[in-house]
Structure formats: C-alpha cells, structure tokens
Chemist: 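Here's a structure for you.
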2 protein chains.
Amino acid sequence: MAQVRPMRADARRNHERLLKAAVSAFAEHGDGASLDDIAKRAGVGSGTLYRHFPTRRALLEAAYLDRIEAIAARADALAARLPPGEALVEWLNELGTGMIRIRGLKALLGLAVTDGGAPAVTDGAPAVRTACGDCLRTAATRLVEAAQREGTLRRDVDAVDVLRLAHGLATAAEPADGDAQRIRRYLALLMEGLRAGG
Amino acid sequence: MAQVRPMRADARRNHERLLKAAVSAFAEHGDGASLDDIAKRAGVGSGTLYRHFPTRRALLEAAYLDRIEAIAARADALAARLPPGEALVEWLNELGTGMIRIRGLKALLGLAVTDGGAPAVTDGAPAVRTACGDCLRTAATRLVEAAQREGTLRRDVDAVDVLRLAHGLATAAEPADGDAQRIRRYLALLMEGLRAGG
DNA sequence: ACCTGAACACCGTTCAAGT
DNA sequence: ACCTGAACACCGTTCAAGT
C-alpha cells in the first residue's frame, strides 16, 4: 500500500494545503464551493489543484475520507455491542446525523451510491482505491447481512438499497435542518418498513 | 383572476416562446439547463427572459405548472374511487413515477417542499399565486387527512412530511432509473412504516 | 412598456512557459 | 517532475440604448 513513488517535497506540501483549504471551503460553502477559490486559499495555481485532484469529486472524497472511515469504523464498534438489528438502526442514525452536520458528506454519499465502482482517490496509483463508496458499502453490508441472518431485516434489500434510502431520507430531512431530530424520525419510519415480516 | 393588465402582444408572444423553449430545454438537460440557451432558442434577448421569469425557479414552475396541476387533480380522482389509504399509496406512486419520468419535476418538488410559501408564478400579480407547492400541498393534505381519519395512516406525520419523504425516495431511486420499478419498491417500504399502529 | 444585446463578474479547465 | 498563471469557453445578471 506504499506510495508507488514518493511525492516531491513541494508537491506533498501543496497536496496538504489543498486538502486543508478544501475542507474549510466545503464547510463554509457546501459542496460546490469554488475550486478556484480553494486553489487561491491554498496559495497554489489552479492548474496544481487539477493535477492533484482531477475532478471535484476526487477532492471531495479526499477531503472527507477520514470522516467516512470513522463512520465505517463505528459499524464494527456497534456490531460488537448491540444485536444486529439495533446496530444497523443506530449506525444509520449516526450516518444520518453526520450527513446533516457535515455539509458535503451527504453529497458524497450521493455520489458514492450513484454508481457501482468509485474512482481512485490518490494520484493514479491503482492499488490505493480507497474510495469512500467502497468503505461505506463494506460497513453497511456487514450490518445488513447480520440483521438479515438474525431475521430482523427483510431479505429483499441490500446494503446499497439501505445506503440509498438513508441518503434519500437525509435529503428529505434537510430542508429545515438545525434540528437533527427529523432525520431520526424519518429513519425510524424507514426501519419500521424494513422490519422483516412486514 | 383576470390579468391585472393584459400583456402587450409582443410580450405575450415572447412569454409563450420562452415557456416552450424552457420545457424542451429542461427535458433535454434537466433543471439547470442554460438560461441563456433557452433565451436563444426562444429567439429573444436574455434580458427578456429575466423580465418574464426573474428566477430559474419561476421559470421551472411556469414550465411544469400544468403537469403539477394534473397530478394534483389525480388526487381527487383517486380519492373518489379508492379507500383513503389506498388512494394515498396510489397517488404517491403516480407522483413518484412522474418525478422519475419528467426530469425537473423532482427538482421542482424539492424546491416546493424546501420552504413554506412559494413565490408567485406570473408577473408580479399577487392574486395569481398558483405556486406548484401550494397545489401539491393542498392535494396531499386532503389524502393524508382522510387516511388519518380512516385510521390507516399514523397521525404524527403531515402532508409536507409525506411530500418530503416522497421526494427523498425519488432521489434514492434515481441512480439507476430507467426502470421506474425501484421507486415503487421504496415507496412500498415507506408506506409499511407509515401504517398506523406500527 | 417592452425588447435588445453589449458589458460585467464569475467559474472551470487547459496548456505553454518556467524552475 | 511539478508549478504557475494567462487564456479560453461558458454562464448568469444587469442596464443603457433603442422602439
């Protein structure tokens, strides 16, 4: 998993500056923040931004990768101390409040869930395909399958369905956010419908 | 409800041309189609577009108003020949497939459901507030309240919740559209959760 | 009263020139 | 190998000048 080739010192510095600038810009203006502005904040030319992150999506993924990984890790923690059905519910709640709290995280899940395979995050090194989508999908799959084995989750849905639905409900809950209350309510409704047996 | 002041002949013609151009542009490129391009297609200056439709949203609403009204009208038709709960389910299915089929309709519902009062559609005549949002809200309210009286729909949701959720699920179902199958599935799950008693 | 289209500001993206 | 920043294309919005 080591870098295929270590970055030159200045490149490495620019990479970090860009990430830092991106995180704060996305936090301020949501996804869709001006890329040019991000480059300026980082004190680099706009071309440099494109060299490091060829698409807006690549930048978004890189900026939020650690948060995504943290959420994915929570899946294991919850699975360890709760019965599968409850673990799934609680995880979705955390994912949902995360999407409400962190602007751009929802957009990212939307992208991740839109297409099957997500593109690479880092500079063309095919081994490091740490796409956010894979990360969440793996975590969700574990919880979903466990709940299905337990018999508390209907069998005609899969992890991608569940992630898609969570994203959709976050969209539904967004209008009047501020209270992360609504997403919990909506997710509760969903879980009611997802319960095995009907 | 008559126009406060009849439009000049050329203004009226431009208004119609703009609407026609907008409908086809939105159909091709989805909401977010270039406004400049729409003005060009209509053969008018860009300023004229802004005179008639000061915001993109106003143009979207005007372009889809008839579809929205048709969907709203379906609510009454369904209420007349189905028990309330089933009427609501069927109406949401039609709304859902409409959002999948007609690009831009989903965006419009999203806007309508985002804030309470929608702005006026026509040129500043305050009486003609035929906002799409009001239209759908009214239709949904009728169905929702009837189902609640019937006892088949939980009482802790309102029409706006239901519209928001429908919009959210349309978002969730969008990724791999083509089959309008998925939105029905997702809506079925939702209705399971919305059933009274739980 | 309404229309036109040039003008402005802004953004994304590319690429020749530099080190 | 990497960076810079000018250049280009595109879009939304405004407004002075026209009829």
Side-chain angles (χ1 to χ4, degrees), chain A residues 2-22 24-26 28-63 104 107 111 119-120 122-125 128, chain B residues 2-22 24-26 28-63 103-104 107 111 119-120 122-125:
Chain A
Q3 289 291 120
V4 186
R5 220 182 294 191
M7 273 192 274
R8 225 168 62 177
D10 54 348
R12 170 130 205 81
R13 205 198 50 209
N14 283 340
H15 189 92
E16 272 164 19
R17 281 197 191 177
L18 279 168
L19 270 183
K20 202 171 289 184
S24 76
F26 287 142
E28 273 179 54
H29 307 296
D31 69 303
S34 159
L35 295 184
D36 199 59
D37 178 56
I38 291 177
K40 276 204 188 79
R41 289 195 201 202
V44 306
S46 47
T48 302
L49 187 151
Y50 285 94
R51 164 171 285 273
H52 283 277
F53 308 100
T55 66
R56 173 183 296 275
R57 174 183 178 148
L59 183 55
L60 261 176
E61 290 207 336
L111 289 172
T122 43
D123 306 321
V128 206
Chain B
Q3 290 290 120
V4 186
R5 219 183 291 192
M7 273 192 275
R8 227 169 61 177
D10 55 348
R12 170 131 206 81
R13 204 198 50 209
N14 284 339
H15 189 92
E16 273 163 18
R17 281 197 191 175
L18 279 167
L19 269 184
K20 202 170 292 184
S24 75
F26 286 143
E28 272 179 54
H29 307 296
D31 70 303
S34 159
L35 296 184
D36 199 59
D37 177 57
I38 290 176
K40 276 203 188 82
R41 289 196 202 202
V44 306
S46 48
T48 302
L49 186 152
Y50 284 94
R51 165 171 285 273
H52 285 276
F53 308 100
T55 66
R56 171 183 297 274
R57 174 183 179 149
L59 184 55
L60 260 177
E61 290 207 335
R103 301 173 49 127
L111 289 171
T122 43
D123 306 320

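In the text below, chain A, chain B and the rest are named by the order of the sequence lines, each starting its count at 1.
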Chemist: Judged by each residue's nearest nucleotide on DNA chain C, which is more toward the 5′ side, Gly47(B) or Thr48(A)?
Modeler: Gly47(B)

Chemist: Whole-Å distance between dC2(D) P and Arg51(A) CZ?
Modeler: 6 Å

Chemist: Round to a whole Å and report the spacing from CG of Asp37(B) to C1' of dC10(D).
Modeler: 12 Å

Chemist: Which one is paired to dT4(C), where only Watson-Crick or G-U wobble pairs with both distances under 3.5 angstrom count?
Modeler: dA16(D)

Chemist: Can you tell me the distance, in whole Å, between the CZ atom of Phe53(B) and the P atom of dT13(D)?
Modeler: 15 Å

Chemist: What is the base-pairing partner of dC10(D), counting Watson-Crick and G-U wobble geometry with both distances under 3.5 Å?
Modeler: none

Chemist: Would Glu61(A) and Arg57(A) count as a salt bridge (charged side-chain N to carboxylate O under 4.0 Å, His left out) here? Give the steps.
Modeler: CA-CA 6 Å; Glu61(A) 290 207 336; Arg57(A) 174 183 178 148; 3.6 Å; yes

Chemist: dC3(C) phosphate, OP1 or OP2: any side-chain N/O from His52(B) under 4.0 angstrom?
Modeler: yes

Chemist: Return the minimal non-hydrogen interatomic distance between His52(A) and Leu18(A), and the atom names on each side.
Modeler: CD2-CD1, 3.9 Å

Chemist: Compare the minimum distances between each of dC3(D), dT13(C), dG12(D) and the side chain of Leu35(A), then state the nucleotide with the smallest one.
Modeler: dT13(C)

Chemist: I'd like to know if Glu16(B) and Arg12(B) make a salt bridge, using a cut-off of under 4.0 Å between side-chain N and carboxylate O.
Modeler: yes

Chemist: So, is Ser34(B) near the phosphate of dG12(D), with a side-chain N or O under 4.0 Å from OP1 or OP2?
Modeler: yes

Chemist: Give the rounded distance in Å between these two atoms: OH of Tyr50(B) and P of dG5(C).
Modeler: 16 Å

Chemist: Can you find a heavy atom in the side chain of Leu60(B) that is under 4.5 Å from one in the side chain of Phe53(B)?
Modeler: no

Chemist: Nearest heavy atom decides the nucleotide; on that basis, is Ala11(B) or Arg8(A) closer to the 5' end of DNA chain C?
Modeler: Ala11(B)

Chemist: Which whole-number value in Å describes the distance from Leu59(A) CG to dT13(C) P?
Modeler: 11 Å

Chemist: To the nearest Å, give me how far apart CG (Asp36(A)) and C1' (dT4(D)) are.
Modeler: 13 Å

Chemist: Enter the distance from Arg41(A):CZ to Glu28(A):CD here, rounded to the nearest 0.5 Å.
Modeler: 4.5 Å

Chemist: Below the 4.0 Å mark, does dC3(C) have OP1 or OP2 next to a side-chain nitrogen or oxygen of Asn14(B)?
Modeler: yes

Chemist: Could you work out which one of dA6(D), dC2(D), dA6(C) sits closest to the side chain of Ser46(A)?
Modeler: dA6(D)

Chemist: What is the distance from CG of Leu49(A) to P of dC3(D), rounded to the nearest Å?
Modeler: 11 Å

Chemist: In this structure, how many angstroms lie between the P atom of dA1(C) and the CG atom of Asp10(B), rounded?
Modeler: 13 Å

